[in-house]
Amino acid sequence: MTGAPTPPGRPSGAAPSGRITERASCVLAPNPSPMTLDGTNTWIIAEPDATEAVVVDPGPLDEAHLNAVRDAVAAQGRRVALLLLTHGHADHSAGAARLAELTGAPVRALDPALRLGDEGLTDGDVVTTGGLELRVVATPGHTRDSFSFHLPADAALLTGDTVLGRGTTVVAHPDGHLGAYLDSLRRLRSLTEGDAGAHTVLPGHGPVLADAQGVLDHYLAHRAERLAQVEAAVRRGLTTAPQVVAEVYADVDSAVRFAAELSVRAQLDYLTQRDAPR
C-alpha cells in the first residue's frame, strides 16, 4: 500500500469491530503498522440463524487474537466451520493453521501449501457453509494468489488487500502484476453495477467503505494517473525504480517507500510488456 490520499467511499473512520453487516463481524488483529494500517481485519461471516461460521483471514500467528476470534464466534452461538484466505501474506494467513487446530476447521486457499483439507479455492466457487452464499472471485494483481469474496445477501465485497479502507494497495512485484491488478479492479467494479450490485467494501485493512463503486473508480483513476507519471519519468531518462520513486512517489511516507518501489517495478514491467514489438 502507499501513502496516497484516502479514497472516496465514505470510510467509517475507525477500524471495524464487532457486527458490521447482518452477516459480517470483524475482529481486529493487534498488528498495526504502516503496511497493515490499524491491523488485519479478520472477518466472521454467518447467516443470521446459522450454527456455523466462516472465518476469512485469521490474521497473524498471535494466540490472543486467534482465541478472540474463536471466542467471538462462540459468543454468537456458533462454531468455526471453515477458514478462507484472501491470499498468502503472513499478516492474513500465518494464524490459519493454529486456528484450525483450535477449531477443527479446514483451511481453503489457492496455494496448496496453505490449505488444510482436500479443497482449495477456484474462481467461481460458491461457499455454502452454514447456508451462506459466498462467491469466490479471483482478483490477482496484489499477489498472484489473491481472491475476493462476494456476499450478495449483504451487497458486500470482502477484498483482502486488493482494495483497502485507507490508502491504496501495493502491487507486490514480482509476485504481483499490474495488468492483472487492473483487470481485477474492473471485475470488482462490474460487481457493483445494477440494483443488486455490491455497495459495501469489507477490506483486509482499514475502515469499511460504503461506496464500493466510487472507491473502485478512484482506484482505477489513481492507477492510471500513477502509470502516466511513471511513463513520463521514463521518457525523461529515469530508468531505475529508485529514481522513479524519488520523483513520482515523493509524497509517500518514507516508512512505506519500499512498497512504492515494488509498485514502480510492476509498472515498469507493465510498460515494457505493453510496448514490446508484437
J.: Would you mind listing the cluster partners of V107? Hydrophobic ones only (ILVMFWY), side-chain contacts under 4.5 Å, chaining allowed.
T.: V27, I44, V55, L61, L66, V69, V73, V80, L83, L85, L99, L102, L114, L116

J.: Sorted by first residue and then second, give each salt bridge (Lys or Arg N to Asp or Glu O under 4.0 Å) pair with at least one member in residues 49-62; sequence neighbours left out.
T.: E52-R79

J.: Counting N and O atoms only, with roles assigned by atom type, does the side chain of T128 sit under 3.5 Å from a partner on the main chain of G131, one being a donor and the other an acceptor?
T.: no

J.: Answer yes or no: is there an ion pair linking E133 with R23, defined by an N-O contact shorter than 4.0 Å?
T.: no

J.: Going by the angle between their ring planes, with limits at 30° and 60°, are H89 and H87 parallel, tilted or perpendicular?
T.: perpendicular

J.: For the pair Q243 (side chain) and T239 (backbone), establish whether a donor and an acceptor sit closer than 3.5 Å, ignoring hydrogens and angles.
T.: yes

J.: Mind listing the closest non-hydrogen atom pair of P140 and A138 along with its distance?
T.: CD-C, 3.4 Å

J.: Just so I know, are the side chains of P242 and V245 near enough to count as touching, which here means a heavy-atom distance under 4.5 Å?
T.: no

J.: One thing to verify: whether E261 and R265 come together as a salt bridge, which I'm taking to mean a side-chain N less than 4.0 angstrom from a carboxylate O.
T.: yes

J.: Any salt bridge linking D71 with R78? Criterion: basic side-chain nitrogen under 4.0 Å from a carboxylate oxygen.
T.: no

J.: Can a donor-acceptor pair be found, under 3.5 Å and without considering hydrogens, that links the side chain of R115 to the backbone of L110?
T.: yes

J.: Within the side chain of D161, is there an N or O that forms a donor-acceptor pair under 3.5 Å with the backbone of G204?
T.: no

J.: Under 3.5 Å, is there a donor-acceptor pair between the side chain of R226 and the main chain of S263?
T.: no

J.: Apply salt bridge (Lys or Arg N to Asp or Glu O under 4.0 Å) to E231 and R274, showing your working.
T.: CA-CA 12 Å; E231 190 171 16; R274 188 197 66 182; 2.5 Å; yes

J.: Is any side-chain heavy atom of P16 closer than 4.5 Å to a side-chain heavy atom of N41?
T.: yes

J.: Is the shortest heavy-atom distance from the side chain of L28 to the side chain of T42 under 4.5 Å?
T.: no

J.: Are the side chain of T86 and the backbone N or O of S148 linked by a donor-acceptor pair below 3.5 Å?
T.: no

J.: Identify whether the distance between the nearest side-chain nitrogen and carboxylate oxygen of R166 and D38 falls below 4.0 Å.
T.: yes

J.: Quick check: do D123 and R187 have side-chain heavy atoms less than 4.5 Å from each other?
T.: yes

J.: Determine whether the aromatic ring centres of residues H92 and H205 are separated by less than 6.0 angstrom.
T.: yes

J.: Given side chains that start at C-beta, do those of I20 and W43 come closer than 4.5 Å, heavy atoms only?
T.: yes

J.: Return yes if some donor-acceptor pair links the side-chain N/O of H177 with the main-chain N/O of A172 below 3.5 Å, else return no.
T.: no

J.: Which atom names give the shortest non-hydrogen contact between R223 and L178, and what distance separates them?
T.: CD-CD1, 4.3 Å

J.: I'd like to know if the side chain of T122 and the backbone of D125 have a donor-acceptor N/O pair within less than 3.5 Å.
T.: no

J.: Got Y219 and T169 here, is their nearest side-chain heavy-atom distance under 4.5 Å?
T.: yes

J.: When you measure from the side chain of R108 to the backbone of G120, do you find a donor-acceptor pair of N or O atoms at a distance under 3.5 Å?
T.: yes

J.: Using the side-chain hydrogen bond (donor to acceptor under 3.5 Å, both in side chains) criterion, which residues pair with T192? Sequence neighbours excluded.
T.: Q213

J.: Quick check: do L158 and I45 have side-chain heavy atoms less than 4.5 Å from each other?
T.: yes

J.: Tell me whether the count of non-hydrogen atoms from other residues, nucleotides or ligands lying under 6.0 Å of CZ in R257 goes above 12.
T.: yes

